[in-house]
Structures are given as C-alpha cells and as structure tokens.
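Indexing begins at 1, ligand by ligand and atom by atom, following the structure's order.
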Amino acid sequence: MFGEQKVSYSGVQPSGNLTIGNYLGALRNFSEYSQQYKTFYCVVDQHAITVRQVPAELRRRTYETLALYMACGLDPEKNTLYVQSMVREHASLAWILNCFTMFGELSRMTQFKDKSAKHADNINAGLFTYPVLMASDILLYQTDVVPVGIDQKQHVELCRDIAERFNQIYPDTFTVPTPVISKQGMKIMSLADPTKKMSKSDENVNAVVYILDDRDTIIRKFKRAVTDSGSEVRAADDKPGITNLMNIYSCFTGKSLEEIEREFAGVGYGEFKLAVGEATADALAPVQEEFRQRLADKAGLEAQMKRGAEEASYYARRTLSKVEKKLGFVQIR
Ligand code: ATP
Ligand code: LTN
C-alpha cells in the first residue's frame, strides 16, 4: 500500500523472445489492475544477467519488452512501466535483504536447481541470490499483489517470508505481498513435451509459440504439437498434450473446457489443432500490430524509460530511506 492505494507489481526478463506462456501467465493479466491499483511493471534486465547475455541482444530485447508491455494494453499514463537497472534502489535493497535471507532458503528454490543444472558452467552467486533481488523489486513498492505464472509462486512466498522476518525486527517496514496466479494461464506447457513448461529459453523453437510469431508459423507449430494416443478432444491427466492445447484454446477464446469438448466431439486432433492455431493467431494479431508501431518509435520508448524510471524512483527512494534509517545507516539531508 502506498497511502490509500493498493499496489500491483510484476516483472518480465528481457532474456529471450516472449512466449504465449509469458502472455497468458503474466502480461495479459497485468492490465486488470490498472484501474484500481497503483501499478508498476518492470523490465528486469538485472535479473537477466544471471545467465550470460549478448549485450546488443539484451539491449534490443529491453526495448522490445517495453514495447510489448504497451502492446498488451498497459497504458503508460495509467501504469508505471520502467527498466530495472535505471532505478538504483533495487540493487541497494537487494544487498540489505541478502543479510535477512538464509542460505538454506535459497538452496530450496526450484528455479535455482533447474537453472544451475542447465548452466552447469556458470553457477554464479547472482543465480543463487536472484530471489532476493526479486523480493527487493516487490518490497520497494510496498506491493500488495504480484501477478505471475505458477513457477514464480515459490519466489513470491520467499519474498513474504523475508518481509515478515524484517517486519518482526523492524515493525511496519514492508507490505507483505500476495502472489496472484490466474487459474487458466498459470502454466502453459511446451508443444514438444507437454510435461515441461513452455519457456522462452527453450532451444527447440517448435516447442514454443512466440507472441510475435507470424500466422503461418503459429499454425504450423500447433499442427506439429505432440499429442497423446487416442483421438478424443478431452482434458485428462493422461492426455497432457491435448489438455494443454485445450487450455490454450480456452484462454484465447474464453470457452470452458466442457464447451470445447462439445465443440470438437467426433472431430480428429488435426482439425482441433488447426482451430487452436487460428484462435491464437487471431488473438495475437492486434498485439503484434501495436507492438510494431511502438517499437518503431524508439524516441517514444526512451522517453517512457526515462519517465518510468523517475516515477518508480520516487517510490523506491521512500522505501529505501525508511529501511536504511531503521537499520541505523546515517542519514544526512
Ligand atoms: P526463462 O525461460 O528465461 O526462464 P520464462 O519464459 O520462464 O523465462 P520469465 O521472464 O521468467 O519467463 O517470466 C515472466 C513471467 O511469465 C512470469 O510471471 C512467469 O511466471 C510467466 N511464465 C513464464 N512461462 C510461463 C508459462 N509457460 N506459463 C505461464 N506463465 C509463464
Ligand atoms: N523472477 C521472475 C521475474 C521477476 C519478477 C519480479 C516477477 C523479477 N522481479 C518481481 C514478479 C515480481 C521470473 O523469472 N519470471
């Protein structure tokens, strides 16, 4: 809470081309809060460097992610849209919160275990303390709700634990945030292996539908999607492939799983997959169009980065000074 207003906060890493998983699990849900909440949506470039990045690509993707935020309906007049590295308070608070986070807690984080297995040659300390930086992002803005996909729930819960621990020693410092996970889009699975999350860093481009894929590519990827034995369009635990496609279709059309089963009763997988591809392409077309326009206006994006960072810094500075004062750091005005 900042004053009387509740706060929504979330972030996306500019670490790859964004997928329909990012869109349905996170981005699409951000704008729900724009009316009633104070909202901060951040391009978390400092998080992205826990894995090696090519500088020119990181820079390009930072612009693209900001343009996508806008294309997904986030009006910069109503939402604070900004880039993490432009607000220095994030890294300052992260250091402080490192001293309030336990080694054991960080060792239990699933994402750390997954990413260190994947990048065995670069298990750096940043990868390990990543959730502390994320907690700093959230706590700097006295956040009430954090809309994320289910894979981030564990990090937001750790953030709550850190906030509660800090508040116990230094009362009334942080608002304790709640993760909000949209039921439908919380975990979109890979098209090549429906037991695995669809991830923007997947090397198999056919496993992933990107928000910016063109219509033909989207339809082709869905046609090739791995499905299960049988031929019935029905959601079930032993049909992860079809269940995932039904879930995606449901997200893009608003139809329930029961309605979808009825719609495709007696129809083979082929026709259903084509329908999923078309519905996805139709839903993404306006986002892609808006994205192209936003991205073409580099000066506009830079003006937004500057304005967003100034707005965010105002709130971030207030929280950081409060924390530093409580800790006993000398404050000279
Ligand atoms: P990476 O592959 O680099 O780990 P990612 O695709 O998981 O990246 P992030 O930038 O880490 O993407 O996530 C941004 C947001 O998108 C988070 O809220 C995350 O929970 C959500 N998200 C990511 N993938 C999915 C998915 N497959 N289904 C639903 N939500 C997702
Ligand atoms: N860790 C998240 C991205 C992220 C984030 C945040 C999400 C960084 N800071 C603050 C919500 C709130 C991820 O990997 N998806």
Hey, what else clusters with Val226 if you join Ile, Leu, Val, Met, Phe, Trp, Tyr whenever side-chain heavy atoms sit under 4.5 Å?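 Its cluster mates, by chain and number: none.
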
So, does Arg234 use its side chain to make a donor-acceptor pair with the main chain of Lys239 at under 3.5 Å?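 Here the side-chain-to-backbone pair does not exist.
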
Other residues, nucleotides and ligands only: do more than 12 of their heavy atoms fall within 6.0 Å of CD on Gln331?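 Correct, the count exceeds 12.
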
NZ or CZ of Lys298 within 45° of Tyr63 ring axis and under 6.0 Å: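 Verdict for Tyr63: a cation-pi partner in Lys298.
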
Check this for me, if you would: do Glu64 and Arg59 make a salt bridge, where the nitrogen-to-carboxylate-oxygen distance has to be below 4.0 angstrom?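 Looking at Glu64 and Arg59, the cut-off is not met.
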
Salt-bridge contact Glu77-Arg307 (side-chain N to carboxylate O under 4.0 Å):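 Salt bridge flag = yes for Arg307 with Glu77.
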
Taking the six-membered ring for Trp, are the ring centroids of Phe264 and Tyr249 within less than 6.0 Å of each other?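 Yes, the ring of Phe264 comes within the 6.0 Å limit of the ring of Tyr249, centre to centre.
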
Using heavy atoms and a cut-off under 4.0 Å, could you grab the residues that are in contact with ligand 2, chain by chain, numbers ascending?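 If the criterion is a heavy atom under 4.0 Å, then ligand 2 touches Tyr9, Ser10, Gly11, Gln13, Val44, His47, Tyr130, Met134, Asp137, Ile138, Val146, Val148, Gln152.
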
Side chain to side chain contact (heavy atoms under 4.5 Å, CB included) between Phe166 and Val323, intermediate numbers included: CA-CA 10 Å; Phe166 198 97; Val323 168; 3.7 Å; yes

Where at least one partner belongs to residues 42-61, residue pairs that pass ring-ring contact (aromatic ring centres under 6.0 Å, His included), sequence neighbours excluded: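 Residue pairs with at least one partner in residues 42-61: His47-Tyr130.
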
For ligand 1, what is the set of protein residues having any non-hydrogen atom at a distance below 4.0 Å?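 Ligand 1 is contacted, at a heavy-atom distance under 4.0 Å, by Val12, Gln13, Ser15, Gly21, Asn22, Gly25, Ala26, Lys115, Val148, Gly149, Asp151, Gln152, Gly185, Met186, Lys187, Ile188, Lys197, Met198, Ser199, Lys200, Ser201.
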
